[in-house]
Amino acid sequence: MPEFFEEDEEEEEEEALPELEAENVVMRMAPYPSGPLHIGNARMILLNDEYVKKHDGKLILFFDDTIGSEKKKLLPEAYDMIEEGLEWLDVEWHETYYKSDRMETYYEYAEKIIEKGESYICECSAEELRDNREKGLECSHRKKSVEDNLEGWKDMLEGGFEEGEAVLRLKTDMEYPDPAFRDRVLFRISERTHPLVGDRYRVWPLLEFSWAIDDHLLGMTHILRGKDLVIEDRMEEYIWDIFGWDSPEFLHYGMLRLKDVDLSKSEFQRKLAEGDIKSWDDPRTWSLQSLRRRGIRPEALREFILDFGLSGTDIEVPASKLYANNREIIDQEANRYFFVPDPVKIELVGEIDIEKAKISRHPSQKERGYRELRTGNNVFIPRKEWDDHQGEEIRLKNFCNIELEGKKGEITSFENKDILKIQWLCEGFDVEVERPDATKEKGMGEKNLKDTEKGDMIQFERYGFVKVERKEPFYAVYGHR
RNA sequence: GCUCCCGUAGUGUAGUCCGGCCAAUCAUCUUGGCCUCUCGAGCCAAAGACACGGGUUCAAAUCCCGUCGGGAGCACCA
């Protein structure tokens, strides 16, 4: 072999991410605690983490727990679940903040922005407001004096208005070309109880205002957000301008969708409440917790996500891409076992001259040794294979070749033939596998499964990689093929 | 409808800012072959793309204009 081919071997791992200009990078991740982090949030998290690590900067975990809406409810357990997910992902963050903890600060700046004449108390109904926004009309409240607005603000805080009766709005321009940007709401009244601060506050900021304040106060240098939130850029800049503050740099990424997967935390929250889903690590949620249960490795997820880079393009990827990344890691370590889903018992006809079948634990790592399976005339095979291959000659892997006729199998020979090979068992115990759609598949597992440990990633041959979750009774969670 | 963003192989992605080294990178997928007693892994090979139309230039995936297509926002959600 000519040596010059060797040179290409050590190519350096190019980071797909564009460089940042700044030196002392400070960034933040701002999950909304309505549920645990799921695969969709991973992009925001990992991109932040990657940038900060690369620049040796500071990463802030900022719980974006303003009161939310009726549809998007805060969930008390979510705080811990989010941190648990971050730790699993090996994200390093340096400080933790809670929006709900900083209300006095927001109030302080709200007053300042009113005093500057840049915002006003609006008593329009939500419908009127929307209508005016669409038509570009100013309402009468917009013309009130600073004094009136300060008075109104005090009223809001002290309960002079009911929920929905008044909001604080930013005075941009009702004829602004982008209708979405016309006099957006900064604060509104909500009587809902907050999981951390209870009923202490009734006037809550919307994210644009709270971020404009916090991003400046905490010295953020770069703000990374999905492009669904780009309007917040302009909102923040507008507010920073009012206060005369400098602007950090914005970075955006496009929308990420997993093909055939629907992700909505509020949706899952509903299903959970209705008992449709039992827990947040249900595989259907695609929460980080559920991925961990399925044996997805954080490194695989990181690689999967970072491969998309920072592109502003919307992407839709099949989950199989993630599985390919994960398989690369786990295939090396997963020992092989037989699992016969939905077993059918057949009787072998003919002489059997081997007492035990020897099968390697890992076909490409023979040093791991072999496992043994007792042979006999009564064997169980998967119903699917039994159905599909009637009248055909198939091979019971590492055992014998048979011709399937009804519930009988005529032994034809023992040598390794180049025909379909399937898994089989003469004895075993009950095994249950939880599928990604949360259904359970029952079957028979080989006795050697007793050698596995809880948490092991193993492969059921011809079936898929599963993670051992319980030993007795044996329960595994399906990862992927 | 209005505003903004984005268009490189089936799917993602590199290259686009600073035009030539791009007859375009890598991964995955697909198809062959080898290997392996798994529908797993590995190895080899093949197939596959600059949305379209103009313009600038000796030279355009890269710059300009237009068209078309996709997405996001227009919540008292985040």
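Numbers restart at 1 for each chain; the letters A, B, ... are given by sequence-line order, proteins then strands.
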Hey, is CD on A:Q365 packed in by over 12 heavy atoms from elsewhere, all under 6.0 Å? yes
Dot-bracket encoding per residue of RNA chain B, Watson-Crick/G-U cut-off under 3.5 Å, | denoting interstrand: (((((((..(((.......[.....))).(((((.......)))))....(((((..]....))))))))))))....
On RNA chain B, check which nucleotide each of A:S311 and A:Q332 is closest to and give me the residue with the more 5' one. A:S311
Considering only heavy side-chain atoms of A:E461, the closest of B:C77, B:C37, B:U38 is B:U38
Please give, in whole Å, the distance from B:C76 C1' to A:R202 CZ? 13 Å
Whole-angstrom distance between B:G7 and B:U62, as gauged at atom P: 12 Å
Taking OP1 and OP2 of B:A41, is either one under 4.0 Å from a side-chain nitrogen or oxygen of A:R481? no
Regarding A:S320, tell me which of base, sugar-phosphate or nothing describes its non-hydrogen contacts under 4.0 Å with the strands shown. nothing
Given the rule in the side-chain hydrogen bond (donor to acceptor under 3.5 Å, both in side chains) test, do A:S34 and A:Q269 qualify, once you have shown the distances and angles that lead to the verdict? CA-CA 8 Å; A:S34 60; A:Q269 204 179 88; 4.7 Å; no
Could you measure between the two P atoms, the one in B:A60 and the one in B:A23, and give it in whole Å? 11 Å
Using 30° and 60° as the class boundaries, would you call the ring planes of A:F187 and A:W153 parallel, tilted or perpendicular? perpendicular
If the cut-off is 4.0 Å, is A:S69 near the phosphate of B:A78, judged by side-chain N/O to OP1 or OP2? no
Whether A:Y201 and A:Y107 hold their rings parallel, tilted or perpendicular, with breakpoints at 30° and 60°: perpendicular
Select base, sugar-phosphate, or nothing to describe what A:N416 touches, counting heavy atoms under 4.0 Å on all strands. base
By nearest heavy atom, map A:E127 and A:F399 onto RNA chain B; which one lands nearer the 5' end? A:F399
Within the supplied structure, the quantity of interest is the number of heavy atoms (other residues, nucleotides, ligands) at a distance under 6.0 Å from A:K144 NZ; does it exceed 12? yes
Atom pair distance, as rounded to whole Å: CD in A:Q423 and P in B:C37: 17 Å
Mind checking A:S364 for me? I need base, sugar-phosphate or nothing, with any heavy atom below 4.0 Å counting as a touch. base
Should A:E333 and A:R297 count as an ion pair when the cut-off is N to O under 4.0 Å? yes
Any Lys/Arg nitrogen of A:R371 or A:E461 sitting under 4.0 Å from an Asp/Glu carboxylate oxygen of the other? yes
Under 4.0 Å, counting only non-hydrogen atoms across every strand here, what does A:E70 touch: a base, just sugar-phosphate, or nothing? nothing
Please give the distance between the P atoms of B:U57 and B:C64 as a whole number of Å. 16 Å
Could you tell me the separation between the CD1 atom of A:I189 and the P atom of B:A75, rounded to a whole number of Å? 20 Å
Figure out the OH/P separation between A:Y370 and B:U38, and round it to whole Å. 13 Å
Could you work out the separation of B:G19 and B:C50 based on their C1' atoms and round it to a whole Å? 15 Å
Give me, pair by pair, the N or O atoms of the protein and of nucleotides 64-74 of chain B that are less than 3.5 Å apart, along with how far apart they are.
| residue | atom | partner | partner atom | Å |
| --- | --- | --- | --- | --- |
| B:G71 | O4' | A:D314 | OD2 | 3.2 |
| B:G71 | O2' | A:D314 | OD1 | 3.2 |
| B:G71 | O2' | A:D314 | OD2 | 2.7 |
| B:A72 | O2' | A:K227 | O | 3.4 |
| B:G73 | N2 | A:D178 | OD1 | 3.3 |
| B:C74 | O2' | A:P179 | O | 3.4 |

Nearest whole angstrom, please: distance from the C1' of B:C4 to the CZ of A:F250. 14 Å
Looking at the side chain of A:K397, which of B:G12, B:C37, B:A78 is the nearest nucleotide? B:C37
Counting only distance, no hydrogens or angles, is the base of B:C77 paired donor-acceptor with the side chain of A:K72 under 3.5 Å? yes
Measure the spacing between CG of A:L61 and CD1 of A:I45 and express it to the nearest 0.5 Å. 7.5 Å
Could you check how far CD1 of A:I419 sits from P of B:U38, rounded to whole Å? 13 Å
Pick base, sugar-phosphate or nothing for A:R327, based on heavy-atom distances below 4.0 Å to the nucleic acid. sugar-phosphate
Interatomic distance, A:R336 CZ vs B:C37 P [rounded to whole Å]: 13 Å
From B:U11, B:G40, B:U38, pick the nucleotide closest to the side chain of A:K421? B:U38
Nearest of B:G12, B:A78, B:C37 to any side-chain atom of A:L207? B:A78
side-chain hydrogen bond (donor to acceptor under 3.5 Å, both in side chains) partner of A:N401, chosen from A:K421, A:R395, A:E410, A:E393: A:R395
Rounded distance in Å between the P positions of B:A59 and B:C2: 38 Å
Just call it for A:C124: base, sugar-phosphate, or nothing, with non-hydrogen atoms closer than 4.0 Å on any strand. base
Sticking with atom P, work out how far B:G10 lies from B:G20, rounded to a whole angstrom. 25 Å
Taking atom C1' in both B:A45 and B:U38, what distance in whole Å separates the two? 24 Å
With sequence neighbours left out, the residues meeting salt bridge (charged side-chain N to carboxylate O under 4.0 Å, His left out) with A:E392 are none
Ring-ring centroid check A:Y106 A:W204, cutoff 6.0 Å: no
Report which part of the nucleic acid A:P177 touches: base, sugar-phosphate, or nothing (heavy-atom distance under 4.0 Å, all strands). sugar-phosphate
Please work out if A:G164 contacts a base, only the sugar-phosphate, or nothing of the nucleic acid, heavy-atom cut-off 4.0 Å. base
Parallel under 30°, tilted from 30 to 60°, perpendicular over 60°: which one fits the rings of A:F338 and A:W424? perpendicular
Ignoring hydrogens and geometry beyond distance, is the side chain of A:Q459 in donor-acceptor contact with the base of B:U38 at under 3.5 Å? yes
Give A:F187 one of three labels, base, sugar-phosphate or nothing, depending on what nucleic acid heavy atoms sit under 4.0 Å from its own. nothing
Rounded to whole Å, how long is the line connecting atom CG of A:L310 with atom C1' of B:U16? 15 Å
Looking at the side chain of A:F308, which of B:A78, B:G12, B:G40 is the nearest nucleotide? B:G12
B:U31 to B:A9 separation - C1' atoms, rounded to the nearest Å: 15 Å
Quick one: label A:E162 by what it contacts on the DNA or RNA (base, sugar-phosphate, nothing), any heavy atom closer than 4.0 Å. nothing
Looking at B:A78, I'd like to know if its phosphate oxygens (OP1 or OP2) sit under 4.0 Å from a side-chain N or O belonging to A:T66. yes
Using the rule given for side-chain hydrogen bond (donor to acceptor under 3.5 Å, both in side chains), can you reason through A:D148 versus A:H141, listing the C-alpha separation, both sets of side-chain angles and the distance that settles it, and then say yes or no? CA-CA 10 Å; A:D148 284 351; A:H141 312 105; over 6 Å; no
